[in-house]
Amino acid sequence: MRMDSITCTDLNLFYGDFHALKSVSVSIAPKRITSIIGPSGCGKSTLLRVFNRMNDLIPGVRITGDVSVLGRPLLDEDILKLRRTVGMVFQRPNPFPLNIFENIAYGMRIHGIGNRSQVEETVEKCLTGVGLWEDLKDKLKTGALSLSGEQQQRLCIARALATKPEILLMDEPCSALDPIATAHIEELMQDLRSEYTIVIVTHNMQQAARVSEDCGFMLLGELIEFGKTTQLFTAPRDERTEDYISGRYG
Amino acid sequence: MRIPPSITQKIAKISLTLACASAVAALVFVIGFVLVGGLKHVTWAFLTEPILDMGRAGGILPAIVGTILMVFVAIGIAAPLGIASAIYLAEYTQEGKVTQTIRFGINCLAGVPSIIFGLFGFILFVVMLGFGWSIISGGLSLAAMVLPTIIRTAEEAMRAVPRNYRDVAASLGATRWQVVTRAVLPYALPGVLTGVILGIGRSIEETAVVIFTAGSAVQMPRSLFDSARTMSVHFYILAREGISNDNAYATAAVLICTILVINITAYTMMHRLMRGRRAA
Ligand SMILES: Nc1ncnc2c1ncn2[C@@H]1O[C@H](COP(=O)(O)OP(=O)(O)O)[C@@H](O)[C@H]1O
Ligand SMILES: [Mg+2]
C-alpha cells in the first residue's frame, strides 16, 4: 500500500465565526501534481495553508478534524520542521531584497544547516533545478529584485527547494506572470514532479488540466469532487463541477 | 466668474514655491546667524579647556564631555528599551484593546512638555533613588523623554515592512524571533534609526530636563554620579545671565555643528545601508 503525502479527514476550519472549510476529506498522492480549482474565495488558499500550518499565524483560526502529513498527524510534528518539509510558493513572486545567493540560502541560514561549501553547492543545485543557473551563475551577488517576474518566481521556487522539502505547495504561482512565463513555470513543475509532491492552487482551469494528474474542485468551503484530472474534466460526477468547468460560474 | 485653471495653476505654483523658499530662508538665516556670530570665537583652546569664571573665560570641554556622557546614557537605555517595546507591539502581540491603550499612552507621552520629564526625573532619580544631580539622573530622565518617540518611529517602521516577508520567512521554518531579526528588522532599520537619531538630537538640545536632573556643574565630571552640564545648558546659562555673549554664540555654533555632523553621518550611513541592500 502506498503512503499518501497528505491526508485529511473531516477537516473544518473557522476564521472566528466564519466556516471557511467544511468537512474536507482528501488524500494527496506522493510524487504527483495535484491541483485544487474553484472560484475565488472558495477556500483553496485556506486549505493549502493548513498543510504547512500557515493559518496558525492568523489570530482566531480554529481547526477540527484530522490531517496527516507524510504519515504523521499534523499537530504532532514540530512546526518548524514541518515547514521545512513542506515548502510554499506564493502568488506574487516575493524575493527578499537581498542578492540572489542570499535569497536561496535564506532557509539554510535559518536552520543553520550546511557549511559554506554545502550552502554554495545547494544554491547551485537549486538554481540548476529551476533552470536559472546558466543565466545567473555570474550574477549571484546582484539584487534579486532586478530579475524579471518569471525569474523571480523561479528564484522563489528555488528558495523553497533549498531546505529540501518533500512537498511543495503552490498558491496560484503564475497569476502574476504573462502567458509565456506561465508556460515556462508549468514546464518547470513537470521537471520537479518526479522528486516532489506538488499541490497547486489555481483559478485557471486550463492550467489545472495541463499540469495536474489529480484535481479537486472546491466551492464555498466544500471539496465537491476529487479525482483524476482527466476524469474530472471529461466526466465530472457532480453537477456543480460540471457547471463550473463549463464556465457557468466565474 | 471662474478663474481659468491655467491661472490657478500659476498661483499655486508661485505660492508653494514662496512658502518653501521662506521656510528654507528662515532656517538658513537662523543657522547662519549663529554660525557667523559664533564660529569666529571657536578656537582649539575653546574646545579643549575647562570652563573658567562661570564661562566668562576658558573653554567648554566639561560641557562637551557632559553632553556626550548624558546622550550615551540616555540613548544606551532608550534605544534598546524602545526598540524592544516596538518589536513587542508590532510583532509579538495581537492588535486589540491592550495595544491600543499602550499606543495611546505612548502618543500622549510623546506630546508631554519636556519640563514634566524634568520634574519626574527630579522626583524619581534625584530624590527618591538618591542619585542626586548627576549625569545618570539626567541620562535616565532624557531616556524617559525620548522613549516614546523611539518606540513610535520603530513600530511604524516595522509595520511598514511588507507582510509577505514575514510569511515567506515563516514558511521556510523561521521562528517568530527569526522572523523579527531576519525578515523585519533589516528592512525596518532605516526607520528605526531615524527614531534613534531624533532621540539623540532631542537629548542634545534639551535644557529643562538636564537642569532639573543633572544640575549645571562647571567642573569636569569624573563619574556618572557627578553633576554636569550639557552644551545646551551652558549656552542657556551664559545667554540668560548675560555672562558672555561671545562664548554663548561660540557654544551655540559648536552645538549646531555637532547636530549637523550627527545628522549628516547618520543619513549617509542609512543611505549606504539601503542602497547596499537594494543592490547587493
Ligand atoms: N484571515 C482571514 N480572516 C477571515 N476570513 C478569511 C481570511 N482569509 C480568508 N478568509 C475568507 O475565507 C474564504 C476563503 O478564502 P481563500 O482561502 O483565500 O479563498 P481562495 O484562495 O479560494 O480565493 C473567503 O471567503 C475569505 O474571505
Ligand atoms: Mg487564494
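From a predicted model like this one, the values you see are computed outputs, not experimental measurements.
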Mark yes when over 12 heavy atoms from residues, nucleotides or ligands other than [X] sit less than 6.0 Å from its [atom1]; otherwise mark no.
X        : atom1 : result
B:Arg103 : CZ    : yes
A:Lys139 : NZ    : no
A:Asp17  : CG    : no
B:Phe72  : CZ    : no

Checklist entry - Is it true that a side-chain atom of A:His111 and a backbone atom of B:Leu172 form a donor plus acceptor pair closer than 3.5 Å? => result yes
Determine whether [X] and [Y] make a side-chain contact, defined as any pair of heavy atoms from C-beta on separated by less than 4.5 Å.
X        : Y        : answer
A:Met54  : B:Asp167 : yes
A:Phe90  : B:Asn164 : no
A:Ile110 : B:Arg182 : yes

Check whether [X] gets within reach of chain B through its side chain, its backbone, both or neither, counting any heavy atom under 4.5 Å.
X        : answer
A:Val86  : backbone
A:Asn52  : side chain
A:Arg159 : both
A:Arg53  : neither

Item to check | Rounded distance [0.5 Å steps], CD in B:Gln178 versus CG in A:Leu80 | outcome: 7.5 Å
Checklist entry - What is the distance from atom CG of A:Leu57 to atom OG of B:Ser171, rounded to the nearest 0.5 Å? => result 9.5 Å
Next on the checklist: Below 30° counts as parallel, above 60° as perpendicular, anything between as tilted: where do the rings of B:Tyr187 and A:Phe96 land?
Outcome noted: parallel
Checklist outcome for this item: What one should report as the nearest heavy-atom pair of A:Arg83 and B:Ala170 is CD-O, 2.9 Å
Item to check | Residue among A:Gly107, A:Pro59, A:Cys156, A:Ser146 with most heavy-atom pairs under 4.5 Å to chain B | outcome: A:Pro59
Item to check | Which atoms of B:Thr175 approach chain A - backbone, side chain, both or neither, heavy atom under 4.5 Å | outcome: both
